[in-house]
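Here's a structure for you.
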Amino acid sequence: MSVTGADKAQAAARLLKDVQAAFAKIDDRRLRELVTKAIHSVHVFVAETGLSRNEWDSSLRFLTAVGQACNEKRQEFILLSDLIGLSTAVDSGEYNSEEGDTPSSVEGPFYIEGSPLIEMGGSIIVDEMAGAEVAMVRGQVFDRSGKGIVGAEVDIWQTAPNRLYAATDEAQSEFNLRGRQKTDKEGRYAFQTVKPVPYSVPRDGPCGTLIKASRGHGMRAAHIHVRVSAPGYKTLTTQICPAGDPYIESDVAFSVVAPLVVEFRPSQQAGDDFRLIADFDFVLQAST
Ligand SMILES: [Fe+2]
């Protein structure tokens, strides 16, 4: 007796029901929901694609390689999440609930806690770097009512003009282009840095193989990563992107939205030790 398509579909539905039932006793309601819905999604994927045993093997090998590429300074899973738009999908549901909120954006794989505190107007440039365009990035951190938030922490990190983060470039000092600052009594922050440049995400690992297969350019539009936090407010992770960057429309992480794009304009003040100025304000949501 031959197995029909209807039999197969029935068996697949029964299998899915049994597997979900096996996890139905997880006490935490939210965890139970996430696990059983994830199981549902992967079973639907297998049914819709007709995933073969060889393809399943290859998929596991790929994910194993992603895990093996991770270390203290490199997070290949975050990179994979960025490449498939998952990070942006999660972010867009996390912090963009009201008009006027600063959109959140991807954290990327290179955030490191414990950057040094810098004074108002101070510099995060530690190393001399050829081609650096020094810029003052400044603004205010507000709550939704427009009131400046005192003592908010603005934590920033970015690539050097050689397109590398200090985290992965042994030629750079540990704290080059990384720093934290506390806002003043009106919620202001100001730091000197260099105008960021676009860069390629790491292509020497399994995610690089995926980029190559897709014939993508693998470039992130230039950006400064920012994490803004304050007691009583939801932490905002986002980025500031210089206007005019050639990868804004095709950023490999799908992470650039218009409100995060800012002009780095020439400084008009004689005697400034920076050439460019970028003004950018942040709005934090109360943590409720
Ligand atoms: Fe980045």
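Read the numbers this way: they start at 1 and go in the same order the structure lists the ligands and their atoms.
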Carboxylate-amine/guanidinium proximity below 4.0 Å for R188 and D184:
yes

For the Fe ion (ligand 1), every protein N/O/S atom that sits closer than 2.8 Å, waters excluded
Y165 OH, Y199 OH, H223 NE2, H225 NE2

By the salt bridge (charged side-chain N to carboxylate O under 4.0 Å, His left out) test, which pairs, at least two apart or in different chains, include something from residues 197-225?
R74-D204, R220-D251

Are F264 and V256 connected into the same hydrophobic cluster when the rule is that any two of I, L, V, M, F, W, Y join if their side-chain heavy atoms are below 4.5 Å apart?
no

Taking the six-membered ring for Trp and the single ring otherwise, decide whether the centroids of Y199 and H223 are under 6.0 Å apart.
yes

Decide whether a cation-pi geometry holds between R227 and Y111; the criteria are a distance under 6.0 Å from NZ or CZ to the six-membered ring centre and an angle within 45° of the ring axis.
yes

One thing to verify: whether R265 and D279 come together as a salt bridge, which I'm taking to mean a side-chain N less than 4.0 angstrom from a carboxylate O.
yes

